[in-house]
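Step one of this worksheet: look at the structure below.
Position 1 is the first residue of the sequence; numbering continues from there.
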Amino acid sequence: MSVRCQQSPVLAGSATLAALGALVLYLAEPSGYGKYSENLMPVAIRLPARAAWFLQELPSFAVPAGILAGQPSSLRGPPATVLLGLFCAHYFHRTFVYSLLTRGRPFPVVFLFRGFVFCMGNGLLQGYYLVYCAEYPAEWYTDIRFSLGIFLFILGMGINIHSDYILRQLRKPGEIIYRIPQGGLFTYVSGANFLGLLKGYFTWKPDQFSTVNLDHALCDLWFLYASVESIEFYLKMFDDYPKSRRALIPFIF
């Protein structure tokens with residue numbers, strides 16, 4: 001039996017996640033990861049960073065990939081397949097590559113749970129929408145929005161991967177000290193890794209032009225706050241931190 005698109009649950013789920021993202025911005029809570037988790041929850045139960053990142057990111061890959069794999073081949077045609085494939089590729093890297101390479105601090109299970117819930121809901125919404133609801137004209141492949149969106153998404157993903165590599169090289173295995181990142185886009189911005197994520201997310205949206213992406217867009221703004229915190233953190237810790245290095249916000253759009 002074929003599944004028809006149900007717009008009401010999609011819109012309700014998108015609005016819920018978007019509201020949660022807006023609530024985080026309104027409350028201005030700092031990140032629960034890394035250096036901030038010790039102050040927020042000093043006695044919380046924690047998992048090693050690699051296990052926690054894997055469990056947190058897994059639903060964003062497994063859920064949409066499972067939806068796509070379970071469909072008849074007639075529903076796996078372009079361009080929705082390309083867009084969902086990009087989404088899955090990003091979270092495949094976050095789940096199976098980044099999580100195994102990270103050298104971050106252990107972080108609280110409560111923050112893992114929050115991230116897991118968001119990734120589950122977001123993966124379900126993105127997968128369901130692109131498989132059952134998205135409609136594209138036959139000439140979509142020749143539309144400049146499609147080509148530009150794909151290019152910028154891949155560029156943003158490349159920036160994120162390269163910036164994460166630079167950050168990993170700052171620590172030896174087992175270290176928890178902080179050093180000033182150098183090279184790449186860190187020459188110009190404090191949160192080059194966040195810049196890559198946001199550039200990829202926001203430029204992926206023009207390919208879809210759908211309300212289902214409002215949730216992802218607003219929740220991504222959480223990273224904006226984290227990036228502003230990061231430059232303030234380094235300015236306080238290091239006297240020689242480059243004063244010309246800018247925060248992330250001016251480079252988003």
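For Phe113, the side chain to side chain contact (heavy atoms under 4.5 Å, CB included) partners two or more places apart in sequence, or in a different chain, are Val117. For Tyr98, the ring-ring contact (aromatic ring centres under 6.0 Å, His included) criterion is met by Trp53, not counting sequence neighbours. By the side chain to side chain contact (heavy atoms under 4.5 Å, CB included) test, Leu124 pairs with Val63, Ile67, sequence neighbours left out. Applying the ring-ring contact (aromatic ring centres under 6.0 Å, His included) test to Phe61 and every residue at least two apart in sequence or in another chain returns Phe92, Phe96.
Rounded to the nearest 0.5 Å, atoms CZ (Arg46) and CZ (Phe107) are 10.0 Å apart. Here Ser60 contributes atom OG and His90 contributes atom NE2; the two are 8.0 Å apart, rounded to the nearest 0.5 Å. Distance SG/Cys88 to CD/Gln126: 10.0 Å, rounded to 0.5 Å. Taking CH2 from Trp140 and CG from Leu83, the interatomic distance works out to 8.5 Å, rounded to the nearest 0.5 Å. Distance check, rounded to the nearest 0.5 Å: CG of Leu55 to CZ of Arg50 gives 14.5 Å. Interatomic distance, CG of Asn160 versus NE2 of His93, reported as 7.0 Å (0.5 Å rounding).
Looking at Thr102, its side chain never comes within 3.5 Å of a backbone N or O of Ser99 through a donor-acceptor pair. Between the side chain of Ser147 and the main chain of Ile144, no donor-acceptor pair closer than 3.5 Å is present. A donor-acceptor contact shorter than 3.5 Å is absent between the side chain of Arg105 and the backbone of Ala49.
Closest of all the heavy-atom pairs between Leu47 and Ala52 is CB-CB, 4.1 Å. Among all heavy-atom pairs drawn from Pro59 and Phe116, the shortest one is CG-CE1, 3.2 Å. Across all their heavy atoms, Phe54 and Thr95 have their closest contact at CD1-O, 3.3 Å. Minimum interatomic distance between Tyr141 and Val82 (heavy atoms only, all atoms of both residues): OH-CG2, 3.3 Å. Nearest heavy-atom pair across Gly183 and Ile166 is O-CD1, 3.6 Å.
The other members of the hydrophobic cluster of Val97, by chain and number, are Leu101 (side-chain heavy atoms under 4.5 Å, ILVMFWY only).
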For Leu125 and Tyr129: C-alpha separation, side-chain torsions, deciding distance, then whether side chain to side chain contact (heavy atoms under 4.5 Å, CB included) applies.
CA-CA 6 Å; Leu125 286 170; Tyr129 175 81; over 6 Å; no

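In the hydrophobic clustering of ILVMFWY residues, with side-chain heavy atoms under 4.5 Å counting as a link, Leu112 and Ile45 come out together.
Sorted by first and then second residue, the disulfide (SG to SG under 2.5 Å) pairs involving residues 97-171 (not counting sequence neighbours) are Cys5-Cys133.
By the 4.0 Å N-to-carboxylate-O rule, Arg94 lies close enough to Asp164 to be salt-bridged with it.
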